[in-house]
Structures are given as structure tokens and as C-alpha cells.
Amino acid sequence: MTAIIRATNISYHYPDETNDVIHNLSFEIKRGDWVAIVGHNGSGKSTLARAIDGLLELDQGEIFVNDQLVAQENIWEIRKQIGFVFQNPDNQFVGATVADDVAFGLENRHMPRNEMIEKVNEALEMVEMSQFAEREPAALSGGQKQRVALAGVVAMRPDILILDEATSMLDPEGRESILKLLQQLRQRYHLTVISITHDIDEAAMADEILLIDDGRLVAKGVPNEILMQGDRLIELGLDVPYGEKIKRALVKEDLQTPTEYMDSNRMVDWLWQKLNLTK
Ligand SMILES: Nc1ncnc2c1ncn2[C@@H]1O[C@H](COP(=O)(O)OP(=O)(O)O)[C@@H](O)[C@H]1O
Ligand SMILES: [Mg+2]
């Protein structure tokens with residue numbers, strides 16, 4: 001079985017509501033894949049993440065993580081395998097210093113002190129935050145805070161990393177550097193990554209995109225398929241990136257542009273090539 005997460009016909013409604021927030025959803029996520037979940041605000045993405053972590057009692061269907069049914073009796077076993085990073089880094093800090101913060105989860109697991117210090121150091125090195133170990137988390141930039149949050153998660157050695165709009169509060173530079181870091185962490189720790197995002201460049205990094213609308217899975221495919229849909233991307237809840245905006249402007253001028261999806265860097269490369277050729 002290569003699927004690390006398998007959901008079959010899951011449905012859920014919040015206790016005081018009548019409508020399904022998740023409606024008869026089925027999908028599989030392959031071990032080691034990077035999967036982006038996109039969709040409008042309110043389409044049920046965070047609820048789905050909670051369901052995978054066993055925080056909800058489903059009305060219907062089942063979720064398996066590592067072939068284990070997500071259910072009350074093995075909830076702690078399941079949660080050990082999943083790490084979360086959320087949108088607002090400020091809500092995630094519990095330690096007085098960066099190092100304390102990264103150590104928090106390990107302390108809860110009663111890891112021997114020496115081993116813990118080693119793990120914390122390794123994690124901080126991995127996210128290039130070693131020199132901030134004794135700083136107060138509050139004094140860090142948004143991007144640095146997310147690095148520390150990632151260090152705390154990675155130190156726990158989860159199989160699955162769920163990013164719930166984890167880059168959405170960062171400026172473009174901070175976002176790019178976190179995405180680069182995520183690629184490294186993913187390789188080094190053989191992570192399966194689920195990124196819930198509105199950022200098209202983040203979605204473009206995925207092996208597969210799941211598109212959720214109103215609690216339903218409305219499309220899935222490789223980024224090239226999903227991201228080629230032009231204006232529909234906005235309808236789908238994605239922010240249209242700079243490269244695509246330029247492409248549309250060129251098309252309006254009747255210029256031939258590549259049909260595949262292009263992030264900003266590829267668009268810049270393509271423009272350079274084009275200019276050289278026609279000089
Ligand atoms: N705790 C809750 N109680 C009741 N309704 C909720 C709760 N959390 C979310 N909802 C509703 O469920 C729907 C899906 O929310 P959510 O999963 O947060 O969507 P997304 O993450 O895609 O923005 C929304 O209509 C939201 O208002
Ligand atoms: Mg959400």
C-alpha cells in the first residue's frame with residue numbers, strides 16, 4: 001500500500017449546523033508526495049485537516065493514516081505521525097526562548113535531556129536559526145517564526161507535515177525562503193507534505209493538487225493541468241501570480257506565449273530568451 005492517507009466517503013457537519021462542511025469526500029495521498037489543497041475560504045480545508053488529525057467525529061466514512069483507522073482508541077498514535085504548522089506563527093509559541101519552544105514537544109515525550117538538546121540543535125541548524133536559540137520568539141520576523149515552528153515540528157519526526165496556510169502571512173521573500181526550506185526538510189526527513197494554500201507558486205510545487213469546493217473534491221491533478229485554467233484560478237480560490245498576469249497582458253497584445261503554467265522566475269527566464277532571440 002503506497003497511500004499514507006486514505007479517506008473514503010467522509011462527511012462531516014459541525015454540531016450546531018445542518019450543512020455538511022465535508023461532503024462524501026474520497027482521496028488518497030501517496031507516501032512522500034507533496035499535495036496542495038486549494039479552494040475558497042470556507043470550503044472546508046481546515047476542517048479536513050482536523051479530520052485527518054482525528055479531531056472530529058465523522059458522520060460518515062473512514063480515514064486511514066499509515067493503514068491505521070483514525071479513531072478515538074489510537075488517536076495519540078496517529079497524532080505522533082502528523083505535524084502541523086498554521087497561518088499565524090504568534091499563536092504557536094509556548095517557550096520563553098526559541099530553543100525552549102523547539103524543545104516543548106520533545107519534553108512532553110519525556111525525552112532524556114542530552115538527547116533533547118541534540119535534537120533541538122539539529123532542528124535549529126536545519127532551519128538556519130541556531131544563532132537565535134536564546135532569543136525571545138516574539139522578537140523574530142514572521143518568516144523566522146515559521147522557521148522555528150517548523151523546527152519544533154520536525155524535531156518530533158512526523159511522517160506527515162500539514163501546512164494550513166503557513167506562508168500566507170509572509171512577504172514574498174519570506175514565503176520563497178520558507179518554501180525552499182520545506183523542500184529541504186521534505187527530502188531530509190522523507191516527509192509527506194500537505195499544503196493548504198491560496199498561493200499559486202506554492203501549489204505549483206506540489207506533485208498533486210486537490211481542489212475542494214464546498215466540502216467536495218471537484219478536481220485533482222498535477223499542477224500543470226490544474227494551474228492552466230486561466231481566470232478560473234481566481235474562482236478556485238487561488239491568487240493569480242505575477243508571471244501569469246504578465247502572460248495575460250502579452251496574450252492581449254497578440255504575442256505567442258507558452259501554454260504551460262509559469263511562475264515568476266520562469267516568466268523572467270522566458271522573457272530574457274525571447275528578447276535575446278529578437279534583438
Ligand atoms: N468550529 C466550527 N463550528 C461551526 N462551523 C465551523 C467551525 N469551523 C468552521 N466552520 C464552518 O465550516 C466551514 C468550513 O470552514 P473551514 O474548514 O475553516 O474552511 P477553509 O479552511 O477552507 O477556509 C465554514 O463555513 C466555516 O464557517
Ligand atoms: Mg482554513
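Everything numeric here is computed off the predicted structure, so don't read it as measured data. Values below: all heavy atoms of this structure, side chains included; hydrogens, waters and symmetry mates excluded. When a ligand or atom number is given, it counts from 1 through the structure's own listing order.
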- Note on the structure: Report for the Mg ion (ligand 2), protein N, O or S closer than 2.8 Å, by chain and number, lists S46 OG
- Item | Protein heavy-atom partner closest to atom 10 (N) of ligand 1 - residue, atom, separation in Å | Y14 CE1, 3.4 Å
- Message: As an exercise, identify every atom of ligand 1 less than 4.0 angstrom from a heavy atom of S43.
- Response: 19 (O), 20 (P), 22 (O)
- Under-4.0 Å protein heavy-atom contact, atom 26 (C) of ligand 1: no
- Query: Is atom 8 (N) of ligand 1 in close reach of the protein, with a heavy atom under 4.0 Å away?
  - Reply: yes
- Are L179 and I162 in one and the same hydrophobic cluster, where Ile, Leu, Val, Met, Phe, Trp and Tyr link if side-chain heavy atoms are under 4.5 Å apart? no
- Min N/O separation G44 to ligand 1 under 3.5 Å: yes
- Would you say ligand 1 has an N or O under 3.5 Å from any N or O of T47? yes
- Qualifying residues under salt bridge (charged side-chain N to carboxylate O under 4.0 Å, His left out), relative to D90, sequence neighbours excluded: K145
- Look at the rings of Y14 and Y12 and say which category their plane angle falls in: under 30° parallel, 30 to 60° tilted, over 60° perpendicular. perpendicular
- Message: Counting only heavy atoms, tell me which of S46, A51, G42, A49 gets closest to atom 21 (O) of ligand 1.
- Response: S46
- Task: Taking all non-hydrogen atoms of both residues into account, name the closest pair between Q87 and Q146 and its distance.
- Result: O-NE2, 3.7 Å
